[in-house]
Each structure stands twice: as C-alpha cells, then as structure tokens.
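Okay, so here's the structure we're looking at.
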Amino acid sequence: MAAVEAEKKPAEEEEESEEEDDAEDEPPPDFEVPQNRKGRQSVSAEAYGAWNKKREFVPPVIPKSPEQTERLKGVLVRSFMFAALDEGEFNIIVNAMQEVNVDTSQRIINQKEDGDSLFVIESGSFDCIIKSNEDGTERVVKTCVPGDVFGELALLYNAPRAASVQSREPSVCWQLDRETFNHIVKESAQNKRNRYDAFLSKVPLLSSMDSYERSQLADALRVSTVSDGTVIVTQGEDGDKFYILEEGAATALKDGAPVMEYGVGDYFGELALIKNQARAATVVAKGVSKLLTIDRVTFKRLLNVSDLEQRASSMYT
Ligand code: CMP
Ligand code: CMP
C-alpha cells in the first residue's frame with residue numbers, strides 16, 4: 001500500500017487525455033458572456049487567429065533586472081495558472097511579462113471594455129467590481145491577493161471585461177499580453193476549467209459556488225490516480241490537503257474499523273484542515289480511483305468552512 005499525501009508536481013500528474021479540447025472558447029455553461037461583444041477585439045480576434053496561424057510566434061522579451069526576474073519567478077510559481085508550464089514555456093512567460101506599479105484606488109481594468117492582457121499580483125490587493133445593469137450599483141465580487149490572476153476571462157473567451165478591477169492599496173502586478181498567453185497558457189488553462197466545471201457543479205458540497213468560484217477551484221485542483229488499497233490519508237498523521245473523489249470509491253476507517261464509504265463526488269480530509277488537528281481517520285482507495293486534491297490555502301479561501309463544520313458535526317460520531 002502506498003501513501004499519496006506527497007503530491008506529484010503538476011507536470012507529472014496523471015491527467016486524463018484532454019477530451020474537451022474542442023470546447024476551446026466556450027465559456028463554462030452558466031458563465032454570462034456579455035451580449036454586446038463589441039468593437040475591435042471580438043471582430044478582430046477571428047481574423048487575428050487565422051493570420052496568426054500563418055506566422056511564427058515571436059514572443060516578446062521585456063528587459064528586466066536580475067532582481068525583477070527573481071521577484072517575477074517567485075510570483076509565477078505561486079500562481080496556479082502557470083504551475084503546469086515546462087521550463088521553456090515558463091521562461092517565455094518570464095520574458096514577456098511587464099511590471100506594473102499602481103497606487104491606491106487605481107482602476108486598471110474597466111468592465112465592458114476590450115482587454116488585451118491579464119495580470120498576476122505580486123503584492124497588494126485588488127477588488128473585482130461588477131456594476132449592476134439594473135440600478136448601476138457596484139458590488140465587489142472578489143478581492144484578489146498576491147499570486148492571484150485577474151483579467152483572464154477576456155482572453156479566454158474573447159469577451160469584453162466582465163468586471164472592473166481596482167487596487168485597494170499600493171500594489172505591484174505583472175502584465176501578460178494576449179498573444180503570449182494564447183500561445184503558451186490558454187489551452188491548458190481553458191481545458192482544465194472546462195473539464196472540471198461540469199463535474200464540480202454536480203458536487204453537492206459545492207452547490208453554492210458560482211461559476212467564477214468554480215473556475216478558480218478548477219485552476220487550483222491537483223489530479224492524481226491511485227490504485228486499489230492506496231492509503232490516501234492516515235489516522236494520526238498531519239495533513240494539509242482536502243480530497244474530492246472524481247472516480248472510483250474509498251473507505252474511511254477509524255482505529256481499523258470501517259466508518260464510512262465514499263463514492264464519486266464525495267469528499268474527505270476536511271477535519272484536519274478545519275480543526276488544525278491530526279487526521280481523525282484513515283482513508284483507503286477501493287479500486288482504481290481518481291482524486292481531486294485541494295491545498296489548505298485554497299480550501300480556506302474558496303470553500304465554505306462553516307458549512308463543512310456543520311456537516312461534520314452531523315456526519316461523524
Ligand atoms: P476579465 O473579464 O478579463 O476582467 C475582469 C476580471 O475580473 C475577470 O477577467 C476576472 O479575472 C475577474 N473577476 C473576479 N471575479 C469575477 C466574477 N465573479 N465574474 C467575472 N469576473 C471576475
Ligand atoms: P481528516 O481528519 O482530515 O482525515 C480523515 C478523514 O476521514 C476526516 O477528515 C473525515 O473527512 C473522514 N471521516 C470519515 N468518517 C469519520 C469519522 N467517523 N470521524 C472522523 N473522520 C471521519
């Protein structure tokens with residue numbers, strides 16, 4: 001029996017063949033692409049794509065000091081969207097990115113405008129703000145922190161900006177142009193989001209998440225396949241991961257006795273993260289199973305911890 005707590009690096013993960021490749025440019029089912037796809041970007045994107053295929057992509061190289069390069073690499077390795085790149089791709093992204101320094105309350109993205117770049121945050125924070133079509137009021141839908149990416153939707157879906165983004169404090173971020181994003185990152189980011197949106201939307205625990213939150217969770221997921229009898233978590237050990245069963249089955253055992261059976265869409269491993277305690281049970285795979293793994297930070301940011309606590313108090317004796 002093999003323990004799987006030590007996760008594989010993303011590049012080595014046993015990801016499924018990318019069946020949904022053709023879904024490129026299709027937004028997740030309930031993601032609202034604004035109707036007025038307007039102006040230069042949506043029209044020219046097609047022509048641009050055709051033209052682009054005909055020529056060799058020459059990635060931009062924006063000169064940087066060694067100190068800037070180090071800072072940027074440190075940001076990118078923390079960002080899920082760039083985690084699966086190989087070394088060559090990673091270096092192309094490092095070369096292409098441009099440092100952007102902003103003061104407090106600066107809007108660097110305006111809802112409904114066309115967009116040609118995305119941003120990764122190094123320091124500071126940004127509010128994503130959506131203006132209501134009905135009464136014009138603005139609502140903060142997400143606050144982005146270091147390591148987060150924003151401005152990716154316009155590039156993924158060739159749509160106008162879905163929100164405005166404004167700095168909350170003096171902040172540093174890195175900007176990536178559409179062309180480099182399209183060539184190096186878009187396909188894998190898109191595939192992962194498309195592939196997991198449908199599955200995650202059916203997981204009862206996640207039913208209160210909106211489509212955008214699910215896409216963030218999809219970015220952060222690690223996927224691993226385990227064989228029959230694999231010990232996924234061990235009672236009494238430390239743990240910093242949360243699991244959802246994508247395929248297969250598993251059994252939880254307490255002091256060696258079975259206490260719970262899991263099937264597709266079920267989750268486990270939440271107690272150690274919620275209560276900062278050792279694993280309360282051992283969980284063993286039944287048959288070949290596929291696990292979606294969520295790290296502690298993402299778990300706390302994206303999942304409804306009080307809901308999980310309530311569920312736990314009625315689920316376990
Ligand atoms: P984009 O549409 O290119 O520009 C605005 C960005 O706000 C968007 O990409 C996302 O990165 C970010 N954002 C954060 N939360 C949301 C949300 N709930 N809906 C849409 N965009 C969001
Ligand atoms: P955690 O303690 O992090 O790791 C073991 C997991 O087994 C635990 O979270 C729960 O998700 C799950 N589990 C299933 N049944 C029980 C039980 N009776 N008591 C505690 N944990 C259980």
Side-chain angles (χ1 to χ4, degrees), residues 27-28 30-45 48 60 62 64 68 71-72 74-76 78-82 93-94 96-182 185-186 189-190 193 209-217 219-220 301-302:
D30 58 344
F31 169 72
E32 259 189 68
V33 173
Q35 292 308 299
N36 58 336
R37 291 186 170 201
K38 59 177 176 125
R40 184 176 56 83
Q41 185 162 308
S42 51
V43 174
S44 68
Y48 181 84
I62 296 175
K64 293 173 191 72
Q68 274 182 308
R71 279 194 285 121
L72 173 55
V75 176
L76 292 178
R78 285 163 60 193
S79 175
F80 294 116
M81 188 164 273
F82 301 97
I93 298 296
V94 168
M97 287 193 113
Q98 171 139 38
E99 182 169 354
V100 178
N101 291 274
V102 296
D103 291 330
T104 308
S105 300
Q106 240 178 285
R107 278 206 177 188
I108 62 172
I109 285 182
N110 290 300
Q111 188 176 351
K112 296 193 172 163
E113 287 187 358
D114 289 337
D116 271 332
S117 56
L118 63 68
F119 300 83
V120 190
I121 303 174
E122 177 182 330
S123 62
S125 56
F126 291 81
D127 282 333
C128 302
I129 301 159
I130 292 186
K131 191 172 188 170
S132 153
N133 282 332
E134 279 140 36
D135 58 10
T137 52
E138 293 197 322
R139 190 167 56 96
V140 174
V141 290
K142 189 187 175 200
T143 297
C144 297
V145 297
D148 283 347
V149 170
F150 60 87
E152 80 291 9
L153 292 182
L155 310 193
L156 286 171
Y157 304 119
N158 289 326
R161 297 296 194 187
S164 297
V165 182
Q166 180 169 318
S167 55
R168 294 168 57 91
E169 58 192 300
S171 302
V172 178
C173 51
W174 293 86
Q175 187 170 14
L176 180 67
D177 65 283
R178 171 189 286 270
E179 196 181 5
T180 308
F181 175 78
N182 282 353
V185 194
K186 182 174 176 179
Q190 186 113 54
R193 287 190 174 194
M209 274 190 169
D210 66 25
S211 171
Y212 192 72
E213 288 166 330
R214 277 201 305 278
S215 73
Q216 304 296 290
L217 189 59
D219 286 349
R301 283 198 66 200
L302 292 183

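Keep in mind the model is a prediction, meaning the values are calculated, not measured.
Summarising the geometry of R178 relative to A154, their closest heavy-atom pair is NH2-O, 3.6 Å, with the distance given to 0.1 Å. Residues L217 and M209 come closest through the heavy atom pair CD2-CE, 3.9 Å. When all heavy atoms of S117 and R161 are compared, the pair lying nearest together is O-NH2, 2.7 Å. Pairing each heavy atom of S171 with each of G124, the nearest pair is OG-CA, 3.4 Å. The two residues M81 and E152 make their nearest non-hydrogen contact at CE-CG, 4.0 Å. Of all non-hydrogen atoms in R71 and V172, the two that sit nearest each other are NH1-CG1, 4.1 Å.
From L155, atom CG reaches atom CG of D116 across 7.5 Å, with rounding to the nearest 0.5 Å. In this structure, CG in N182 is found 8.5 Å from CG in L156, a value given to the nearest 0.5 Å. Residue R78 holds its CZ atom at 9.5 Å from CG of D148, rounded to the nearest 0.5 Å. Atom-to-atom distance recorded for L153:CG and S215:OG is 6.5 Å, nearest 0.5 angstrom. To the nearest 0.5 Å, atoms OG1 (T180) and NZ (K186) are separated by 13.0 Å. Between F150 atom CZ and I108 atom CD1 the span is 3.5 Å, to the nearest 0.5 Å.
With sequence neighbours excluded, the residues satisfying side-chain contact (heavy atoms from CB on, under 4.5 Å) with V75 are V120, E122, W174. Applying the side chain to side chain donor-acceptor pair (under 3.5 Å) criterion to Q216, with sequence neighbours excluded, gives K142, Y212. Every side chain to side chain donor-acceptor pair (under 3.5 Å) that D135 has, sequence neighbours left out, goes to S132, T137.
Counting non-hydrogen atoms of neighbouring residues, nucleotides and ligands closer than 6.0 angstrom, the CZ atom of R107 exceeds 12 such neighbours. Heavy-atom neighbours of R168 CZ from other residues, nucleotides or ligands within 6.0 Å: at or below the threshold of 12.
Looking only at atom types and distance, the side chain of N110 has no donor-acceptor partner in the side chain of S164 under 3.5 Å away.
Of the possible donor and acceptor atoms, one in the side chain of S167 sits under 3.5 Å from a partner among the backbone N and O of S105. Under the 3.5 Å distance criterion, the side-chain polar atoms of D127 are left unmatched by any main-chain donor or acceptor of I129. The closest donor-acceptor contact from the side chain of Q111 to the backbone of K131 lies under 3.5 Å. In this structure, K64 contributes its side chain and V94 its backbone to a donor-acceptor pair below 3.5 Å. In this structure, the side chain of S125 does not engage the main chain of V145 through any donor-acceptor pair within 3.5 Å.
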Output, in order, the C-alpha distance, side-chain angles, deciding distance and verdict of side-chain contact (heavy atoms from CB on, under 4.5 Å) for F80 and V149.
CA-CA 9 Å; F80 294 116; V149 170; over 6 Å; no
Would you please test F126 and I109 for side-chain contact (heavy atoms from CB on, under 4.5 Å) and show each step?
CA-CA 11 Å; F126 291 81; I109 285 182; over 6 Å; no
Checking side-chain contact (heavy atoms from CB on, under 4.5 Å) for the pair V102/F119: CA distance, chi angles, key distance, verdict?
CA-CA 12 Å; V102 296; F119 300 83; over 6 Å; no
As a quick check of understanding, evaluate side-chain contact (heavy atoms from CB on, under 4.5 Å) for D219 and R193, giving each step before the final call.
CA-CA 7 Å; D219 286 349; R193 287 190 174 194; 2.7 Å; yes
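No side-chain heavy atom of C144 sits less than 4.5 Å from a side-chain heavy atom of V165. For the pair T104 and P170, the minimum side-chain heavy-atom distance is below 4.5 Å.
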